Amino acid sequence: MNKYQILALMMRGNQQLGETNLFSVAALMAEALADIAGKLSEDEFYRLVSIGTAIYSHGAIELGEVAEGDDFFSENGTRPATSATRKLNS
């Protein structure tokens, strides 16, 4: 499957997994990456981490908040907890 086919699948929208703010997308990516990290080369792993970093950073700018450390995930580990965010520059 090439990048255009993968993008077409993403654009269909029928694969969405609940909440889609950028913190949630970063959390979903981290969860998926944790599941496959052992199968990736170090270069592949860090390429995907850099994409996650871009998603998270854009979310922090767009939402004016940052998610912090261990509180980033809710108790079930699947989405950022609302208490985990704080306003930027506060």
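These values consider heavy atoms only, across backbone and side chains, with no hydrogens, waters or symmetry-generated copies. Keep in mind that this is a model prediction, so the values were computed, not measured.
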Discussion item. Applying side-chain contact (heavy atoms from CB on, under 4.5 Å), can you list everything that pairs with L33, at least two apart in sequence or on another chain?
Written reply: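 Counting only residues at least two positions away or on another chain, L33 forms a side-chain contact (heavy atoms from CB on, under 4.5 Å) with I36, L40, F45, L48, V49.
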Practice prompt. Report the residues that fulfil side-chain contact (heavy atoms from CB on, under 4.5 Å) with N2, sequence neighbours left out, ordered by chain and then residue number.
Written response: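 Only Y4, Q5 meet the side-chain contact (heavy atoms from CB on, under 4.5 Å) criterion with N2.
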Item to complete: For S50, enumerate each residue passing the side-chain hydrogen bond (donor to acceptor under 3.5 Å, both in side chains) test, keeping only those at least two apart in sequence or located in another chain.
Response: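 Applying side-chain hydrogen bond (donor to acceptor under 3.5 Å, both in side chains) to S50 gives none.
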From [atom1] ([X]) to [atom2] ([Y]), nearest 0.5 Å:
X	Y	atom1	atom2	result
R47	S41	CZ	OG	8.5 Å
I61	Y56	CD1	OH	11.0 Å
L28	E31	CG	CD	6.5 Å
I51	M29	CD1	CE	5.0 Å

Item to complete: State, to 0.1 Å, how close A26 and G52 come at their nearest heavy-atom pair, and which atoms those are.
Response: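 Smallest interatomic distance, heavy atoms only, reads CB-O, 4.4 Å.
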Worksheet item: Can you name the closest pair of heavy atoms from E44 and K39 and give their distance?
Response: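 Taking every non-hydrogen atom into account, OE1-O, 4.4 Å.
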